[in-house]
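A quick write-up on the structure given underneath.
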Amino acid sequence: MTQPVSPPRYDSGKAPATARTPAWRALAARADVRTLSLLGVLAVLVVIGGVTKPHEFLDTRNLQLVLTQASVIGVVTVGMTFVITSGGIDLSVGAIVALASVWATTVATQEYGFAGILFTALAVGVGCGLVNGLLVAYGGMVPFIATLAMLASARGLALQITDGRTQIVTVDSVLGLGERDAYLLGIPPLVLVFAVVTVIGWLVLNRTTFGRRTVAVGGNAEAARLAGIDVRRQRLYLYLLSGLCCGIAAFLLIVLAGSGQNTNGNLYELDAIAAAIIGGTLLSGGRGTLTGSVLGVLIFTTITDIFALNNLQSDVQQIAKGAIIVAAVLVQRRTASTT
């Protein structure tokens with residue numbers, strides 16, 4: 001007896017909604033746990049600061065100072081997050097900040113006023129980013145080596161420009177941004193700039209083709225190339241973006257310190273990398289989160305402030321930072337294995 005033949009089933013190419021839901025829920029749960037963990041650490045630090053030095057730590061001026069200091073390294077971290085998400089690294093960010101700050105505060109540059117200082121800082125940052133990008137993307141150099149060479153070169157050039165001296169800023173319009181009269185609703189202008197850079201960075205990373213290409217390159221560069229993405233050009237753009245963030249940070253540092261020094265930006269590369277990693281950005285690339293990076297910056301800046309208020313040694317501060325990095329990575333691994 002002939003069995004009835006069922007009609008052929010065609011695959012539409014779309015997975016059933018029930019099959020997709022668990023993956024999205026797992027991803028959301030992982031991000032939530034990571035963010036809540038960082039918020040918990042930050043809350044504990046605030047409690048510690050409030051208990052040990054209640055009057056000093058919780059003072060409005062001190063909180064404004066913490067946010068202002070976080071703004072400088074925070075802008076650098078935004079650029080670093082993009083680079084790490086793509087599977088790269090930038091060890092030269094601190095040196096670029098130093099070079100941009102001293103080049104923008106020379107006597108010749110200050111003659112052009114506010115616009116001259118801002119333009120020079122941004123131009124130097126983008127120029128250094130361009131060199132890094134060309135070496136990595138089109139020169140075939142390993143990012144670690146290329147940016148390490150830029151670190152040494154930029155530091156040396158910054159020292160040569162200043163001859164080891166501090167360059168004092170005399171442009172009132174620049175110095176005025178650091179005065180309390182310039183605060184908007186009690187918020188320092190530097191914090192507002194950091195907020196704008198972060199929001200723009202978040203939108204670019206999560207809501208644009210550029211962001212999706214960045215994640216794709218970091219996840220699998222060869223697969224991204226086969227999918228039609230110009231991997232080399234994308235990497236060039238990312239180092240340009242990192243250089244631009246360094247230029248912005250250099251200008252913010254000039255406003256904050258009122259000077260340019262060849263020692264500016266010391267160890268910024270380590271702080272930016274650490275903030276991005278504990279925030280959830282994979283060092284191997286393929287995943288990045290600016291929300292976590294910002295929380296990482298706030299955690300480190302708060303630690304520094306608490307230690308300074310309590311007159312504790314800097315070596316203990318570094319140990320505490322290292323412990324937080326290890327704890328954050330362990331939490332991420334634990335979350336990844338259970339979701």
Side-chain angles (χ1 to χ4, degrees), residues 11-15 19-20 23-24 26-28 30-31 34 75-93 96 122 125-150 196-248 269 272-273 275-277 279-294 332 336 339:
D11 187 0
S12 64
K14 297 181 180 179
R20 294 198 305 266
W24 284 104
L27 182 61
R30 187 184 307 171
R34 183 168 54 245
V75 172
V76 175
T77 304
V78 170
M80 183 68 78
T81 301
F82 274 88
V83 172
I84 295 179
T85 301
S86 72
I89 197 73
D90 191 349
L91 301 179
S92 63
V93 290
I96 294 175
L122 297 180
V126 172
C128 292
L130 176 62
V131 174
N132 281 336
L134 290 175
L135 291 176
V136 173
Y138 294 94
M141 293 186 66
V142 178
F144 183 92
I145 301 300
T147 57
L148 183 62
M150 176 59 72
V196 170
V197 171
T198 301
V199 170
I200 294 176
W202 187 90
L203 291 174
V204 171
L205 184 60
N206 296 280
R207 294 290 185 268
T208 68
T209 303
F210 183 87
R212 290 192 291 272
R213 288 175 177 173
T214 300
V215 174
V217 170
N220 190 322
E222 181 61 20
R225 185 187 67 81
L226 295 175
I229 298 175
D230 191 331
V231 175
R232 293 190 299 178
R233 184 172 60 185
Q234 184 70 17
R235 285 174 173 164
L236 173 62
Y237 288 162
L238 289 167
Y239 280 98
L240 284 172
L241 176 60
S242 179
L244 175 62
C245 288
C246 290
I248 297 173
E269 56 277 358
I273 293 172
I277 291 174
T281 299
L282 289 179
L283 191 58
S284 58
R287 188 183 74 196
T289 164
L290 280 175
T291 302
S293 296
V294 170
Q332 292 176 20
T339 54

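Both backbone and side-chain heavy atoms feed into the values below; hydrogens, waters and symmetry mates do not.
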Rounded to the nearest 0.5 Å, how far does [atom2] of [Y] lie from [atom1] of [X]?
| X | Y | atom1 | atom2 | result |
| --- | --- | --- | --- | --- |
| C246 | L241 | SG | CG | 9.5 Å |
| D90 | M80 | CG | CE | 5.0 Å |
| F82 | L205 | CZ | CG | 4.5 Å |
| L244 | L240 | CG | CG | 8.5 Å |
| L91 | I273 | CG | CD1 | 5.5 Å |
| T281 | L290 | OG1 | CG | 7.0 Å |

What are the two closest non-hydrogen atoms of [X] and [Y], and how far apart are they?
| X | Y | value |
| --- | --- | --- |
| I84 | A276 | CD1-CB, 4.1 Å |
| G286 | V215 | O-CG1, 3.2 Å |
| S242 | V83 | CB-CG2, 3.8 Å |

Contact list for residues 202-228, test salt bridge (charged side-chain N to carboxylate O under 4.0 Å, His left out), sequence neighbours left out: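 Output for this query lists E222-R225.
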Within the 4.5 Å heavy-atom criterion, are N206 and T289 side-chain neighbours or not?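 N206 vs T289: side chains apart.
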Any side-chain heavy atom of V76 within less than 4.5 Å of one from C245?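 Not touching, per the 4.5 Å side-chain cut-off.
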Looking at residues at least two apart in the chain, or sitting in another chain, which of them share a side-chain contact (heavy atoms from CB on, under 4.5 Å) with V294?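 Once residues adjacent in sequence are excluded, the partners of V294 under the side-chain contact (heavy atoms from CB on, under 4.5 Å) criterion are F194, T198, L298.
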Pairs where residues 80-89 contributes a residue and the test side-chain hydrogen bond (donor to acceptor under 3.5 Å, both in side chains) is met, not counting sequence neighbours: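 Of all non-adjacent pairs touching residues 80-89, those that pass side-chain hydrogen bond (donor to acceptor under 3.5 Å, both in side chains) are T81-S293.
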Return each pair, listed once, that meets side-chain hydrogen bond (donor to acceptor under 3.5 Å, both in side chains) where at least one residue sits in residues 226-237; pairs must be two or more places apart or across chains.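 Found T214-Q234.
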Please report, to 0.1 Å, the donor-acceptor pairs under 3.5 Å made by any side chain of residues 125-144, with sequence neighbours excluded.
from	atom 1	to	atom 2	distance (Å)
N132	ND2	S92	OG	3.0

